[in-house]
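Single-structure report; data block below.
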Amino acid sequence: MKERESNYDRIYAVVKRIPKGRVATYGQVAKLAGLPGHARQVGYALHALPENHRLPWHRVVNAKGEVSPRSYPFAEDMQRAFLEAEGIPFDGRNRFPLEEYRWRPRKAL
DNA sequence: TTTATGGCTGTCA
DNA sequence: ATGACAGCCATAA
């Protein structure tokens, strides 16, 4: 009932649910977290990840199906490596067939 | 309290 | 297909 969790916690919860070998967009995560339209906040939430974050943040990409160029220059390269390790075939543009690897959670999960 | 920023998204050229 | 612009809104200072 009194869900006092911050929006970040919801986002983290959703990201945690992303299965391996699958990816989700910020907008998608935001929507699943109950924050439709707050895609950016998702990014900030991940940026504000706590030290005990065990979240597969690397499975969260932008709507273009590519990793987002964030503040840290090598981070996108690192993220790509993580996704490749999960079976996501990247092409020469740091992108991949999003619709084929897009995580499709059930609405009534 | 206000101001500034931002790991985005969607539309238009 | 890629590039550019504006809009949404929460968090941090």
Side-chain angles (χ1 to χ4, degrees):
Chain A
M1 323 273 193
K2 56 167 191 142
E3 299 306 328
R4 214 38 84 85
E5 297 104 28
S6 296
N7 299 334
Y8 278 27
D9 289 326
R10 289 187 177 182
I11 293 165
Y12 298 149
V14 173
V15 175
K16 275 186 196 170
R17 293 179 188 171
I18 301 176
K20 184 181 173 197
R22 219 105 256 201
V23 297
T25 66
Y26 292 101
Q28 188 178 351
V29 172
K31 188 173 182 177
L32 292 170
L35 306 167
H38 294 188
R40 282 173 137 161
Q41 253 47 336
V42 175
Y44 299 137
L46 295 179
H47 186 243
L49 272 176
E51 302 170 6
N52 45 350
H53 74 1
R54 233 135 4 184
L55 302 177
W57 61 274
H58 53 261
R59 290 182 191 152
V60 184
V61 297
N62 61 19
K64 297 178 200 128
E66 55 178 21
V67 299
S68 297
R70 47 160 91 41
S71 307
Y72 201 70
F74 293 97
E76 68 179 81
D77 185 54
M78 180 173 74
Q79 182 171 8
R80 178 175 56 105
F82 275 112
L83 293 175
E84 286 184 309
E86 300 206 342
I88 309 294
F90 273 80
D91 45 19
R93 235 349 191 174
N94 267 16
R95 11 201 276 189
F96 61 97
L98 178 61
E99 291 302 309
E100 297 205 16
Y101 289 91
R102 174 98 82 157
W103 173 42
R104 300 170 185 171
R106 295 155 128 182
K107 301 185 119 187
L109 183 60

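Per chain, numbering begins at 1; letters A, B, ... match sequence-line order.
Note that the NE2 atom of A:H58 and the CD1 atom of A:I88 stand 9.5 Å from one another [nearest 0.5 Å].
Among the protein residues, A:R95 comes within range of the sugar-phosphate backbone only, with heavy atoms under 4.0 Å from sugar or phosphate atoms but none that close to a base. Nucleic acid contact for A:Q79: base, since at least one base atom lies under 4.0 Å from a heavy atom of the residue. In this structure, A:H47 reaches the bases: a heavy-atom distance under 4.0 Å links it to at least one base atom across the strands shown.
Around NE2 of A:H47, the count of heavy atoms belonging to other residues, nucleotides or ligands within 6.0 Å does not exceed 12.
A:Y8 is not listed as a side-chain neighbour of A:L49, based on a closest heavy-atom distance of 4.5 Å or more. Between A:Y101 and A:L83 the shortest side-chain heavy-atom distance does not fall below 4.5 Å.
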B/S/- along nucleotides 8-13 of chain B (protein heavy atoms under 4.0 Å) is BS----
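In the hydrophobic cluster analysis, where Ile, Leu, Val, Met, Phe, Trp and Tyr join through side-chain heavy atoms closer than 4.5 angstrom, A:F82 is grouped apart from A:V61. In terms of hydrophobic clustering, with Ile, Leu, Val, Met, Phe, Trp and Tyr side chains grouped at heavy-atom distances under 4.5 Å, A:L98 and A:Y26 are assigned to different clusters.
Within the structure, salt bridge (charged side-chain N to carboxylate O under 4.0 Å, His left out) pairs that include any residue of residues 57-69 of chain A comprise A:R59-A:E86 (at least two apart or interchain).
Under the rule for a salt bridge (charged side-chain N to carboxylate O under 4.0 Å, His left out), the partners of A:E84 that lie at least two apart in sequence or sit in another chain are A:R80.
With a heavy-atom cut-off of 4.0 Å to chain A, the contacted part of DNA chain C has its first and last nucleotide at C:dT2 to C:dT11.
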Please report, to 0.1 Å, the donor-acceptor pairs under 3.5 Å made by any side chain of residues 29-42 of chain A, with sequence neighbours excluded.
none

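Side-chain atoms of A:E76 never come within 3.5 Å of backbone atoms of A:S68 as a donor-acceptor pair (strictly under, hydrogens ignored).
We find that CD1 of A:I11 is positioned 13 Å from P of B:dG7, with the value rounded to whole Å. If you measure from atom CG of A:L55 to atom P of B:dG7, you get 17 Å, rounded to the nearest angstrom. The distance from atom OH of A:Y8 to atom P of B:dG7 is 9 Å, rounded to the nearest whole Å.
Mapped onto DNA chain C by nearest heavy atom, A:G37 and A:A48 fall at different nucleotides, with A:G37 at the one closer to the 5' end.
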A:T25 vs A:V60, test: side-chain contact (heavy atoms from CB on, under 4.5 Å). Steps then yes/no.
CA-CA 5 Å; A:T25 66; A:V60 184; over 6 Å; no
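Remark: DNA chain C forms stems of 3 or more consecutive Watson-Crick or G-U wobble pairs, all pair distances under 3.5 Å, at B:2-6 with C:9-13, B:8-13 with C:2-7.
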